[in-house]
A.B. asks: 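One structure follows; several queries about it will come next.
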Amino acid sequence: MRLGVAMPAALAALAGGILAWYSHAEALTPNAFGWLLVAALLVMVWCPRVGSWLLIGGWVFIGVQNEWGSRLPAGLSGEDISVEATVLTAQPLGNAMRLLLSIDKCQSAADRPARPSCSALSKVRISAYSDERFEPGEQWQMTLRLRPPSGFANPDSFNYEQWLWREGIHATGYLRQEPAPVRLSTASPSLRQLALGFLAQQTLEERTKRWLAALTLGDSEQLTQDDWSLLNATGTTHLVVISGLHVGLVASFVLLLAKLAARFTTPTNWRMRTWPWWLAALACVSYATLAGMAPPAMRAMVMTLIGLWVLSGRHAPGPWQAWWLALALVLIADPLALWRPGMWLSFVAVAWLILIWQGRQRPKGVKGWCWALARSQLLLAPLMAAAVLVAFGRVAPAAPLINLVAVPWVSSVMVPTALLGWLLSPVPLVGDGVWWLFEQALSVFHLLLTLAVQHWPLWEPDRPLTYPLAFALLLLSLCWGLPAVLPGLRLAATALALALPWWSLSSSIPPNTLRVSVHDVGQGQLVELRSEHYRLLYDTGPRFRSGFMPLETLWSPGQKFDQVIVSHADNDHAGGIGALLADHRVSQWVAPKGEALPVSSIDCQRGQRWQRDGVRYRILWPPAGENDFSANDRSCVLEVSIGEQRLLVTGDVGTEIERRFLSKVALPVNVLVAGHHGSGTSSGIQFVRHTAPEHVIFSAGRRNAFNHPVDSVVRRFRQQGSCLWSTAHDGALYFWLNAAQPIRIETMRPLPGQRNRC
């Protein structure tokens, strides 16, 4: 590739990926792929430069299209599929194992006519609740029950479905116990697996082992949720995953040693030797391969190789040509990188470093390099904060100061001792001693992050403030990073960036207004109610068999809830209590008398009333004292009112209980969260006719096994003219209760014409 076309080549790759994304619904046939390739080759004969751009764009386009075509067909969702698969990764997950499988052969377990084919399926992620032990590299014959990639759709939370897409995972599901899986071949352990096995046998703390695996071998899945929460809250995630920092350190260390060797072997012309650069490049590729050549490691390898080329000065491109060339090569090697936030954060950071250092003299001496590091970090921090804010909706307030210390500490102490420990591990006691030093350095690093989170926790600004704050941070970076900017403009940008967070500390919810969010937590229920100075949860969502709780993904740690009402103790309503206890603060728990919960709570009973910020709350059920109702029929029934607008949440009570409190329901009911997720045991005819709600929300799981909401309940509400919503299809639903405005429900998965659908 000629360097003069590096930028057009990168733009062609970007265009190919974006076109494939927007045309994925119209999946192209293999013949169309062939014609696209032929057209690019013909144009290349007529005009080589334009033809090469078309070829690059077409390559990325085809790569993305193939990913869409490899997804599990909807017709096979929930069906048994027989596969022969190779285990790529196997991670313990509670009482199960999480397996990433490469599908070698696939066929439907049931022979039915007109059944879609699963032959294009290539990578799946499953949970195995089995006594069998799975090892990476083994080949198995097994029966799976799969579904197309999907995830919960909640505002400002981790998008699991998009993550599956960009990781090239085409289905998720679980291993069927019958028929039992059969091992077809044993694993041929790779060097990386041998290294992980060796590390597991060391007499180190568990925290040290998992951080060594992440820092040196790229096995970041060993890090716990607490580890990731700490890193996210301090803006130091980039220091743990295999990135340009780690690969660059390895290449730099090898280059330094090789240059010293060249200086001793050829003292007269050692500067002209090229083999030290080639040796550094080989070390770069070898380390990325050892780390599993995961997308971050591959991206770091490409950028480091091009960086070595630029620094060598031998027919090397300029910094911007190198930047565009690296972007083109990364997209060609991994078309899905276009949707990886880490890629864009890396390239934005490098581009900004080029801008702020272009034309400046190279630092000299320890003092010069320390000043260069501090200047780079301080100018990079606001830009990265703006990018993270746009991408993830959060800001780590202490990130600039923490990284000033953490970056040199990790790069100069932790990573070198970790890698040196591997190098010296064959030497008895010496390798252990080096890793003991790493363990102490990790303890210092962990203490620094913990103290930072305690004083400056992760901040998630309200969504209306996200883009103004990101713009202010971007303006701050530009004003201080670019030359010839007036001092007054720099001070104004600084004042704006500091003023917005302080201004946002005042509540964004006006008085006498309630924001209601019915979160998407699968087959369960979690309703959040927020007013100006009050925050209430009704139910906590489920806890899955694997131990995962959807509530964990909704908010950053350290949230405060004034009150949590647990309608009853069933797992789909009370399963998330553990996440609340571990990560958040709850002032008061409320639950029906007799429910076995891991918290002390006051009794939820009929007649309780309270008012906060102009919003009235009233409990309609259950009655006070002991009762012999079932857990479902003991559910707390909550009515919320502002003026004449009302929200009613009935838990899982059945039709008989609905009739008992029906006369107490104030009318009209504007929004009803339907009982028992839309089950036929709730929402009886008399209840539906009396309440005649304007909007009905079913909190149900996508493709749930109970077919909630059931057809009979849906028909009852439709006959009353109710507008129906479901978290299974719409994702999270949120709306405002305000006496001065009509209710308008918004969703995370908007459908065409949705605003006029009711």
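Values below: every heavy atom of this structure, side chains too, minus hydrogens, waters and symmetry copies.
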A.B. asks: Between Trp621 and Phe629, does the ring centre distance come in under 6.0 Å?
C.D. replies: yes
A.B. asks: Report yes or no: is the cationic atom of Arg515 (NZ for Lys, CZ for Arg) under 6.0 Å from the centre of the six-membered ring of Trp736, at an angle within 45° of the ring normal?
C.D. replies: yes
A.B. asks: Would you say the rings of Trp555 and His519 are close, in the sense that their centroids are separated by under 6.0 Å?
C.D. replies: yes
A.B. asks: If we ignore angles and hydrogens, is there a donor and acceptor under 3.5 Å between the side chains of Asp730 and Thr747?
C.D. replies: no
A.B. asks: Considering only NZ, NE, NH1 and NH2 on the basic side and carboxylate oxygens on the acidic side, decide whether Arg145 and Glu79 come within less than 4.0 Å.
C.D. replies: no
A.B. asks: Can any side-chain N or O of Tyr538 pair as donor or acceptor with the backbone N or O of Gly651 at less than 3.5 Å?
C.D. replies: yes
A.B. asks: Is the His573-His676 ring centre distance short of 6.0 angstrom?
C.D. replies: no
A.B. asks: Would Arg545 and Tyr129 count as a cation-pi pair here, with the cationic atom under 6.0 angstrom from the ring centre and within 45° of the axis?
C.D. replies: yes
A.B. asks: Are Tyr617 and Tyr534 near enough that their ring centres are under 6.0 Å apart?
C.D. replies: yes
A.B. asks: Verify, without hydrogens or angle tests, whether Glu532 (side chain) and Ile509 (backbone) share a donor-acceptor contact under 3.5 angstrom.
C.D. replies: no
A.B. asks: Does Thr143 form a side chain to side chain donor-acceptor pair (under 3.5 Å) with Asp80? I'd like the steps, not just the answer.
C.D. replies: CA-CA 6 Å; Thr143 300; Asp80 286 348; over 6 Å; no
A.B. asks: What distance do Leu551 atom CG and Phe152 atom CZ have between them, rounded to the nearest 0.5 Å?
C.D. replies: 11.0 Å
